[in-house]
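See below for the structure under consideration.
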Amino acid sequence: MAQQKNWQYPVAKKTDTVDNYHGTRIPDPYRWLEDDHSTETKAWVDAENKVTQDYLATIPFRASVKKRLEELWNYPKTGAPVKHGNYYYFFKNDGLQNQSVLYRSATPDGTPEVFIDPNKLSAAGTTALGTLAFSKDGKYAAYLIAKAGSDWQEGYVMDVATRQLLSDKLEWIKFSGISWRGDGFYYSRYDKPDEQNKLSGKNEFQKVYFHKIGQPQEQDELIYMDKDHPLRNAGVSVTEDERFLILSTTEGTSGRELWFRDMQNPEQKDFSLLVKGFSYEPAVIDNAGDKLLLLTNHEAPNYKIVLVDPANPAETNWKVIVPEKKEVLQNVGNAGGKLFLSYLKDASTRVYQYDYTGRPEHEVQLPGIGTAGGFDGKKEDQELFYAYTSFVAPPTIYRYDIKSGKTTLFNKAAVKFNPDEYETKQVFFTSKDGTKVPMFLSSKKGMKNNGNNPVLIYGYGGFNIAQTPGFSVSNLYFMEQGGTYAVVALRGGSEYGEAWHKAGMKEKKQNVFDDFIGAAEYLVKTKYTNPSKIAIRGGSNGGLLVGACMTQRPDLFKVALPAVGVMDMLRFQKFTIGWAWAVEYGSSDNAEDFKYLLKYSPLHNLKPGVSYPATMVTTADHDDRVVPAHSFKFAATLQACNAGPNPVLIRIETQAGHGAGKPTSKLIDEATDIWSFTMYNLGM
């Protein structure tokens, strides 16, 4: 195995940059890497990529890894059909297409035709289709596209009958939905940014507009802006009958305030407050006549559904329709005039059908431990199609009859492996403070506890996002080679409601790292594996997780794979949408927050002379969510600090972003490099 002492890393100069945080001086010697436009940074990136590719080229089985991944990836992947107007629409990827194609057919089983093919939007397949919304009459489709993985999007409108684009083009859209009303739609955008800083500059003053079909963007009607709060995001949605406009504003990734406008009330000229923010997570499901159905965690950490009279919206007037349960209510869809409530039981989906009065009607019969989604439609629908997946089975599409509650198989993927040879089991372990934490273990059947199994542990642990069972060709490859894929339902997620989320936020963030470390210790204690056989992986907030854990317990892991991670916890709020994460992390601008952020910030807890795990940091040049400077500075510091023989590499993707919309070719190349590096360093 290639040793660090035989490897020459690029020289990353150090500067004497020092910041003063509440009386504490913190050096930032690689601050210059924050300027991703500079000649010096570009030269460093090129040099680092060369070192990484030269190292990977020495792995003798890298070509065979790629060949097998291409074989596994190459099967038709079909999404669940959804009806709009006279057609059923669904996405399909023939196997190795860079982007999935949107098809339509007159009936669910009819002959499909291409509606939108994103692969024709760029030669390299790096332009992805984002939000898509059809007008109520089904005559028009508005959609957003993203180029090279950036969060910036462009909007277009298509005539459904002719499949011809109209003259409409919308720019500088980010973090926006599309909600139709009549002959136009609502969307959110920012002012045009400075060209030099469009991928790293702070996003401020988001505005909501109404775009009327056929008019230029500069004539769009400004619906909402907040001059007093530049760091609030806003969006407008429309109830299905187009009676109510719902304005949602946020100050970050947690907490929401809701306003409404009743379009049947000629006296209401502007939005009125529905639910005051920003302590809870309210969301309007639909209206029932002149009342609104609301999903909320107010006095219900696991969520409940209430009926609200907009004319008297005070919480004392709310009527509980579906009370809070022991399991967390993860999502509510509506179709056929019914509500579909998706609960999580130990991070696995359970779905129940209710009527609008809160009366239970059916439980949707799911195959087992897994994740189901797609329970949305229109009031006139008599059926819907949903997808079900698990760690060892790709998404299967089912047809659901709303009246009878009967489920039938609609489409099953023809994968090139035998799912019956694999299994997933759920275990529970005790974290440092005594909390019971669940973990999924997926592998080939018959795995023995011999203390020597290669394991990859994955986690996220933040932003109220649950880690539920889901299929990945890439992870299947690791299992096929004898590895075990472990997913931990860490605190900070939504697996057990808002209490679980809050237990991993702000000053309690260390709980998340303790849970992840506890998962590894459990697998060692139960003789499932040992530290020389453990790899850890996570992206974005999960990249922070990996960075924090490898700096706190470098002895416990052999391989670390932090992807697009938030590594500089003292400066994350200064770039793009980073300010919105302060509700989750806190901010170094606050003296008390600074103290605990400094304790775990991955960048600031690397120490010279320590032997760190074999590490491959991954990021991308167009990541304007977590700017690549996080990974650049962390990698440069880690290379300078690492005293052991393990390699420390950074893989910097070009023409890619935070991960969404990444083309299949780049996904396979990345998976090839990650698994080659991981297996080589685990001795597989």
Side-chain angles (χ1 to χ4, degrees), residues 76-94 97 99-121 127-145 155-168 170 177-187 211-214 237-242 286 333-338 340 372-388 395-403 407-413 661:
K77 308 163 188 70
T78 305
V82 179
K83 189 176 183 182
H84 297 287
N86 297 322
Y87 294 95
Y88 289 84
Y89 294 84
F90 63 94
F91 283 94
K92 182 180 179 181
N93 191 306
D94 290 342
Q97 287 176 292
Q99 302 289 340
S100 294
V101 178
L102 180 61
Y103 290 86
R104 70 178 183 185
S105 59
T107 64
D109 303 295
T111 302
E113 63 177 355
V114 173
F115 186 64
I116 300 176
D117 184 357
N119 296 290
K120 295 183 178 180
L121 300 178
T127 298
L129 184 62
T131 301
L132 170 73
F134 290 84
S135 59
K136 185 174 174 60
D137 57 13
K139 291 183 179 179
Y140 299 100
Y143 63 89
L144 305 179
I145 63 169
Y156 297 89
V157 180
M158 179 181 287
D159 182 298
V160 167
T162 64
R163 286 180 289 170
Q164 295 297 309
L165 284 178
L166 304 184
S167 60
D168 309 61
L170 309 178
I178 296 174
S179 195
W180 281 87
R181 185 175 184 273
D183 59 355
F185 54 85
Y186 299 90
Y187 72 100
H211 175 74
K212 188 175 182 180
I213 298 173
S237 60
V238 185
T239 55
E240 186 178 339
D241 63 3
E242 299 191 347
D286 195 9
N334 49 301
K338 306 295 181 181
F340 292 88
F375 296 92
D376 284 295
K378 297 180 177 60
K379 280 190 170 66
E380 65 265 23
D381 290 346
Q382 297 179 8
E383 65 179 2
L384 57 78
F385 298 83
Y386 68 88
Y388 174 86
T396 299
I397 310 303
Y398 291 91
R399 193 172 196 160
Y400 180 80
D401 183 89
I402 295 173
K403 183 177 181 180
T407 287
T408 54
L409 177 66
F410 180 74
N411 183 281
K412 187 175 182 180

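Lys92 is listed as a side-chain neighbour of Thr78, based on a closest heavy-atom distance under 4.5 Å. No side-chain heavy atom of Lys338 sits less than 4.5 Å from a side-chain heavy atom of Phe375. The closest side-chain heavy-atom distance from Leu121 to Gln99 is not below 4.5 Å. In this structure, the side chains of Lys378 and Lys83 stay at 4.5 Å or more apart for every pair of heavy atoms.
For the atom pair CZ (Arg181) and NZ (Lys136), the distance works out to 11.5 Å, reported to the nearest 0.5 Å. For the atom pair CZ of Phe385 and CZ of Phe410, the computed distance is 5.0 Å after rounding to the nearest 0.5 Å. How far OH of Tyr89 is from CD1 of Ile116: 9.0 Å, rounded to the nearest 0.5 Å. A distance of 5.5 Å separates CD in Gln97 from CG in Asn119, rounded to the nearest 0.5 Å. Here the OH atom belonging to Tyr398 is positioned 10.5 Å from the CG atom belonging to Asn411, to the nearest 0.5 angstrom.
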Under the side-chain contact (heavy atoms from CB on, under 4.5 Å) rule, what do Lys139 and Val160 come out as? Steps first, then yes or no, please.
-> CA-CA 5 Å; Lys139 291 183 179 179; Val160 167; 5.6 Å; no
Are Phe340 and Leu384 close enough, and set up right, to give a side-chain contact (heavy atoms from CB on, under 4.5 Å), and what steps lead you there?
-> CA-CA 11 Å; Phe340 292 88; Leu384 57 78; 3.9 Å; yes
Verify side-chain contact (heavy atoms from CB on, under 4.5 Å) between Asp376 and Asn334, making sure each step is shown before the conclusion.
-> CA-CA 5 Å; Asp376 284 295; Asn334 49 301; 4.2 Å; yes
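Between Phe90 and Tyr103, the ring planes are parallel. Angles under 30° get that label, and only those over 60° would be called perpendicular. Under the 30°/60° scheme for interplanar angles, the aromatic rings of Trp180 and Tyr140 are found to lie parallel. Relative orientation of the Phe134 and His84 rings is parallel, given thresholds of 30° and 60° on the angle between their planes. Taking the six-membered ring where tryptophan is involved, the planes of Phe185 and His211 are tilted, since the angle between them lies from 30° to 60°.
The minimum heavy-atom distance between Leu166 and Ile213, with the atom names listed, is CD1-CG2, 3.5 Å. For the pair Ser105 and Thr111, the tightest heavy-atom approach, listed with the atom from each and the gap, is CB-O, 3.7 Å. Closest of all the heavy-atom pairs between Phe91 and Ser100 is CD2-O, 4.1 Å. The shortest non-hydrogen separation linking Ala413 to Pro76 is CB-O, 4.2 Å. Residues Pro108 and Tyr88 share a closest heavy-atom pair of CD-CE1, 3.4 Å. Heavy atoms only, all atoms of each residue included: Pro118 and Leu129 are closest at CG-CB, 3.9 Å.
Checked against the 6.0 Å centroid threshold, Tyr143 and Phe115 do not count as a close aromatic pair.
Salt bridge present: Arg399 and Glu383 bring a charged side-chain N and a carboxylate O closer than 4.0 Å.
No donor-acceptor distance shorter than 3.5 angstrom exists from the side chain of Asp168 to the backbone of Tyr156, with no hydrogens or angles considered.
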